[in-house]
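Reading through the C-alpha cells given below for one structure.
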Amino acid sequence: MISGKIIISGTGCALADFLYNRVSFKSDNFRKYLTQKPGDGGLSPGKLVFAEELERFAVKPYQKILNEIIGNREPDLFNVGGPSLVSLIHASQLLGTVNYKVKYFGVSGNDETSRKIFDILRRTPLNIRNYQKISIRGTPFTDVFSDPYFDNGQGERTFVNNIGAAMDYSPEQLTSEFFDSHIVCFGGTALVPQLHENLTQLLQKSKQNNCITVVNTVFDFQSEKNNPGEPWPLVDKHESYGLIDVLIMDSVEAIRISGENSIEEAAGFFVTTRVSSFIITNGANELFICSSGRLFKKTDLIRLPVSRKISNELKRNPTGSGDTTGCGDNFAGGIIASVAWQLKECEKGNFDLVETITWGVASGGFSCFTIGGTYLERFPGEKKSAIQSIQTDYINQIQYK
C-alpha cells in the first residue's frame, strides 16, 4: 500500500504510426509480398517486419512496395504508436495526475515526424520530460496495414517498421530517476535493440530498487530472422523470469519466446518459470492468465473470454469507425493502471489478477472503435468513463464478484 503519489516509469518502443485502413490482405498486390518461410522478410498478418528486410525479400525499394499495396492514397491517420508509449499514454489517461505520475523515457529523431508526435503527446497526461530529440537518425515509424474483414470480421493488422533512432537508445540513458519509481514498464524492447539485449540487467536493477516490473512484448523480427525456428531470447536464463512481476504477451509471442508449438504448451512453459504472473492474449479468442502469488493472489492457470459486447459489435459493424491497431498496447495500459490502483489499496501478494484483466480487456476493446492506438480525450476522465462501462459489462459476463 502506498499513501503518496505513485510513480510509474516506462521505456521501450515509441514511434509514429501511419495507418492505412481497409487494406485487403487477399489482394494480389498484398499477397505477392507474403512470407514464404520464417524470417525471410515477407509480410505476415498480425506480425511485424523491418522495412529493409522487406526490401531484400522483394528486391525493390520499400516506397515502390508501399505504392503497390496502397496506391497513391495518403495514410488514413497519423498517430502515436509503440507498445511502450501507447500503453503508458493509456495508463496516464485512466489514472489522472492527482495521485499518479506516468513518465516515458526514450529518444526520437529531430525531424518533422517527431514534431508531430510531440504535438500529440502534449495533449495527454503523460510526462515526457525524459523523451528527448537527440538522435541523428530519423524518428522510428511503422506503416500499419489494417484489414477489418480479416479473421471473420475480427480484423487484423500487418506492420512494416523502420527502427531509426531507437537503434541509439542505450541502458546508460536510463537515469536513476527511471528506477526511482514504484512501477517500471518495459514495452516492446525487441524494437529498441540495446535495451532488449540488456533487459535482464535492467530488471535486476529495478528489483534492487523494489520496483514492480511489467514487461509487454512485441514480435521479435530480429530474432526470427537471425535464428529461424529457435526460441526468442527475452531474459538471459530460465531463473531470470523471476525478475518479472507481470509478463504480457500475445499468443504468437508466447509461443516463440517459449519455443513451444501451441498457446497451451506455451502457457505450460511459463508456469514452470519463476515469473510472478503472466497473461497471454489470443486475438478474439480466450486469454490465459496465471499468478504464483507474489504480487497477485495465487491464481492457477485459467482461461478467460474476451468481451462478448465488443465481439458482437465488431461482427455487426466490421467496417466501422475503428480498427484493431493498438488493442494490445491499450490492453497493457489497462493492466498497468489496475496494478497502480491496487498498489494504493493492497499489500503485494493480495492484488487481484482477474480484476486487473477486466481493465485490460475493456481497454483493448475500447480501442477497436477508434483508428489508431492513441485516443485524445476531449476532457480528463472521458476515456475512463467509457471503458468503465465496458468493464462493468465484462464483469457481468464472466460473473466475477
Side-chain angles (χ1 to χ4, degrees), residues 1-2 6 8 10 87 91 179 181-187 189 199-217 231-251 253-260 262-282 286-305 328 331-361 398 400-401:
M1 297 174 65
I2 303 295
I6 289 177
I8 302 164
S87 63
F179 299 97
S181 307
H182 300 98
I183 302 169
V184 294
C185 308
F186 300 93
T189 55
L199 182 58
T200 299
Q201 290 72 31
L202 292 170
L203 289 166
Q204 287 172 335
K205 190 169 182 179
S206 301
K207 297 313 291 182
Q208 288 166 5
N209 285 269
N210 200 33
C211 305
I212 292 173
T213 56
V214 180
V215 175
N216 54 299
T217 60
W232 297 345
L234 183 64
V235 289
D236 62 357
K237 54 187 176 182
H238 202 71
E239 294 78 12
S240 297
Y241 281 101
L243 299 167
I244 303 174
D245 290 307
V246 188
L247 176 58
I248 309 166
M249 306 161 283
D250 72 15
S251 57
E253 294 152 10
I255 290 169
R256 298 302 294 114
I257 292 168
S258 67
E260 302 293 343
S262 68
I263 186 172
E264 291 82 5
E265 291 172 339
F269 167 85
F270 289 106
V271 169
T272 70
T273 70
R274 296 191 65 249
V275 65
S276 178
S277 65
F278 68 85
I279 303 160
I280 305 175
T281 63
N282 191 22
E286 291 180 318
L287 53 97
F288 290 70
I289 69 171
C290 184
S291 167
S292 69
R294 296 205 308 273
L295 179 64
F296 299 98
K297 290 178 287 188
K298 183 171 174 54
T299 305
D300 290 334
L301 181 64
I302 59 172
R303 305 184 190 200
L304 288 172
F331 177 96
I335 299 298
I336 293 166
S338 179
V339 170
W341 283 322
Q342 294 190 58
L343 186 57
K344 273 279 184 191
E345 305 294 335
C346 306
E347 298 291 342
K348 294 178 183 178
N350 289 322
F351 289 25
D352 189 325
L353 183 54
V354 177
E355 167 76 12
T356 294
I357 293 300
T358 66
W359 283 102
V361 167
I398 63 175
Y400 175 61
K401 294 182 177 179

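By convention here, the first residue in the shown sequence is residue 1.
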Study note, to complete from the structure: In terms of heavy-atom contacts, A254 and A266 come closest through O-CB, 3.7 Å
Review point. What residues, two or more places apart in sequence or in another chain, satisfy salt bridge (Lys or Arg N to Asp or Glu O under 4.0 Å) together with K207?
Key: D245
Review point. Can you tell me how far CD of E345 sits from CG of D352, rounded to the nearest 0.5 angstrom?
Key: 13.0 Å
Check your understanding: What residues form a salt bridge (Lys or Arg N to Asp or Glu O under 4.0 Å) with K298, not counting sequence neighbours?
Key -> D300
Practice item. Could you go through the side-chain contact (heavy atoms from CB on, under 4.5 Å) check for I336 and W341 one step at a time? Key: CA-CA 9 Å; I336 293 166; W341 283 322; over 6 Å; no
Exercise for review: Applying ring-ring contact (aromatic ring centres under 6.0 Å, His included), name anything that partners F278, two or more places apart in sequence or on another chain.
Suggested key: F270
Practice item. Compare every heavy atom of L202 with every heavy atom of F179, then report the nearest pair and how far apart it is. Key: CE2-O, 3.7 Å
Practice item. To the nearest 0.5 angstrom, please state how far the NZ atom of K348 sits from the OG atom of S276. Key: 10.0 Å
Practice item. Applying ring-ring contact (aromatic ring centres under 6.0 Å, His included), name anything that partners F269, two or more places apart in sequence or on another chain. Key: H238
Check your understanding: Rounded to the nearest 0.5 Å, how far does SG of C211 lie from CD1 of I183?
Key -> 9.5 Å
Check your understanding: CG of L343 to CD1 of I212: how many Å apart, nearest 0.5 Å?
Key -> 4.5 Å
Check your understanding: What are the two closest heavy atoms between P231 and I257, and how far apart are they?
Key -> CB-O, 3.7 Å
Review point. So do W359 and I335 actually touch side chain to side chain, heavy atoms under 4.5 Å?
Key: no
Point to revise | OG-CG distance between S87 and N216, expressed to the nearest 0.5 angstrom | key: 5.0 Å
Review point. Do L287 and V361 have side chains that get closer than 4.5 Å, going by heavy atoms?
Key: yes
**Study point:** With sequence neighbours excluded, residues passing salt bridge (Lys or Arg N to Asp or Glu O under 4.0 Å) with E286
**Key:** R303
Point to revise | Heavy-atom side-chain proximity of T281 to F288 below 4.5 angstrom | key: no
**Study point:** Distance-minimising heavy-atom pair for I244 and R294
**Key:** O-NH2, 4.2 Å
Review point. Under 4.5 Å between any side-chain heavy atoms of L247 and M249, yes or no?
Key: yes
Practice item. Can you sort out the partners of Q342 under side chain to side chain donor-acceptor pair (under 3.5 Å), two or more places apart, ordered by chain and number? Key: S338, T356
Practice item. To the nearest 0.5 Å, tell me how far D250 CG sits from I279 CD1. Key: 12.5 Å
